[in-house]
Amino acid sequence: MNVIEATDLTKTYKGVPAVDGLTVTIKSDAITGIIGRNGAGKTTLLKMLVGFIKETSGEMNVFSEHPFNSLHVSANSIFIDDHMLFPDALTLGELLKEGERFYTNWDMTFAKTLFDYFSFHPDQHHNQLSKGKKTTFNMIFGLATRSELTIFDEPTTGMDAAVRNDFYRVLLKDYLAHPRTILISSHHLDEFDHLLEDVLLMDEGQQVLHMPMDDLKEYAVSLTGPDAVVGQWLYDKTVLAKKQSAPGMMQAVVKQDFAIEQAERLGMKATPVAASDVCIYLTAKTKGGIDDVL
Ligand SMILES: Nc1ncnc2c1ncn2[C@@H]1O[C@H](COP(=O)(O)OP(=O)(O)OP(=O)(O)O)[C@@H](O)[C@H]1O
């Protein structure tokens with residue numbers, strides 16, 4: 001079943017598209033990564049899905065309802081990012097109690113276990129926490145809601161490496177015990193690719209690809225060999241990147257839609273390309289790198 005269905009979805013700001021004609025379906029009970037470079041439109045898409053902002057055009061359904069102003073969508077979804085606002089007057093302990101009051105699936109035992117593990121104190125206030133502690137509390141709150149649609153927008157901002165590892169482990173364990181639809185947006189696919197079932201890669205408000213993580217891992221291959229051999233091989237292939245790897249030798253990253261043994265028989269060395277690198281190649285700008293402008 002699909003929790004999210006969007007057709008030709010567009011959001012513009014002063015005529016400039018942030019999300020640009022996106023057609024996508026997201027299936028239920030899976031963890032999907034929303035990946036893209038800065039400004040790709042990830043946050044804008046996610047905020048439309050939870051009804052925080054309204055689309056400019058196109059159609060969108062979440063739990064078969066239009067999410068903007070939908071009580072059903074807001075009661076069954078949560079959007080977690082590092083700007084989450086909580087009332088300053090309430091302590092962290094009181095915030096957990098409010099969570100329990102509002103969210104029907106709230107798990108207080110789970111929330112308190114994590115609260116203690118990460119050394120929070122019930123009398124602390126959210127606005128007095130450090131940046132990393134704020135995102136850690138937000139993560140606890142978001143997971144404890146057990147919302148049918150749980151969205152993390154850049155969830156590990158400010159967390160140190162140990163807390164980031166803990167976050168991904170907790171997320172996976174909790175998801176396996178309580179499957180639900182989880183979206184995680186990030187630039188850093190390599191950090192959490194082991195959690196994902198599907199990946200939606202965005203660029204300039206549009207979908208670049210949307211596929212199972214396992215397929216993305218095999219999407220491309222790197223071939224290295226003599227210039228003439230690789231050059232000849234590439235003429236009917238989809239080339240993601242190429243460079244001179246040594247004098248007379250070329251390295252090319254190509255879409256893997258051929259039998260690798262064929263390339264190896266011609267003397268090329270084939271090596272796998274990590275899913276995160278595939279995303280980087282597919283969204284690389286053609287203007288060149290920073291070294292070309294400075
Ligand atoms: N409230 C707004 N007013 C005007 N432009 C906006 C607004 N929100 C987003 N944009 C623009 O829309 C585009 C997409 O922004 P968005 O925040 O959705 O991207 P993102 O993929 O989440 O980026 P990042 O990874 O940097 O957080 C950007 O060009 C951004 O400047």
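We use all heavy atoms of the structure for the numbers below, so side chains are in, but hydrogens, waters and symmetry mates are not. Since this is a predicted model, take the numbers as computed values, not measurements. All ligand and atom numbering here is 1-based and tracks the order in the structure.
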Query raised in the report: CD of Glu197: more than 12 outside heavy atoms within 6.0 angstrom?
Result: yes

Query raised in the report: Tell me, which protein residue and heavy-atom name are nearest atom 11 (C) of ligand 1, and how many Å apart are they?
Result: Tyr13 CD1, 4.1 Å

Query raised in the report: What atoms in ligand 1 come closer than 4.0 Å to a heavy atom of Ala40?
Result: 19 (O), 20 (P), 21 (O)

Query raised in the report: Mind checking what makes salt bridge (Lys or Arg N to Asp or Glu O under 4.0 Å) contact with Lys255, not counting sequence neighbours?
Result: none

Report summary line: atom 21 (O) of ligand 1 has as its nearest protein heavy atom Lys42 NZ, 2.8 Å

Requested in this report: Give yes or no for whether the N/O distance cutoff of 3.5 Å, strictly under, is met between Gly41 and ligand 1.
Outcome: yes

Requested in this report: Measure from atom 26 (O) of ligand 1 to every heavy atom in Asn38, Ile34, Asp20, Asp153 and give the option owning the shortest one.
Outcome: Asn38

Query raised in the report: Within a distance of under 4.0 Å, is there any protein heavy atom near atom 6 (C) of ligand 1?
Result: yes

Query raised in the report: Are any non-hydrogen side-chain atoms of Val170 and Tyr117 less than 4.5 angstrom apart?
Result: no

Query - Six-ring centre of Tyr13, Lys11 cation under 6.0 angstrom, axis tolerance 45° - result: yes

Query raised in the report: Any luck finding a side-chain donor-acceptor pair between Asp8 and Thr23 under 3.5 Å?
Result: no

Requested in this report: Answer yes or no: does an N/O atom from Ala18 fall short of 3.5 Å to an N/O atom of ligand 1?
Outcome: no

Query raised in the report: Quick one: does Lys11 get within less than 4.0 Å of ligand 1, heavy atoms only?
Result: no

Query - Distance from atom 17 (O) of ligand 1 to nearest protein heavy atom, with residue and atom - result: Thr43 CB, 3.7 Å

Requested in this report: Only pairs at least two apart or in different chains count here, so list each salt bridge (charged side-chain N to carboxylate O under 4.0 Å, His left out) that has a residue in residues 83-103.
Outcome: Glu98-Arg101

Report task. With heavy atoms under 4.0 Å as the rule, classify the contact between Met202 and ligand 1 as side chain, backbone, both or neither. Result -> neither

Query raised in the report: Is there a protein heavy atom at a distance of less than 4.0 Å from atom 31 (O) of ligand 1?
Result: no

**Report entry** Ionic contact status for Asp203 with Lys42, cut-off 4.0 Å
**Finding:** no

**Report entry** Passing option when His66 is tested against Glu59, Lys54, Glu55 for side-chain hydrogen bond (donor to acceptor under 3.5 Å, both in side chains)
**Finding:** Glu55

Requested in this report: Name the closest protein heavy atom to atom 15 (O) of ligand 1, giving the residue it belongs to and the distance to 0.1 Å.
Outcome: Thr44 OG1, 3.8 Å

**Report entry** Heavy-atom nearest neighbour in the protein, as seen from atom 29 (O) of ligand 1, with distance rounded to 0.1 Å
**Finding:** Gly39 O, 4.4 Å

Query raised in the report: Are Phe68 and Phe52 close enough that their ring centers fall under 6.0 Å?
Result: no

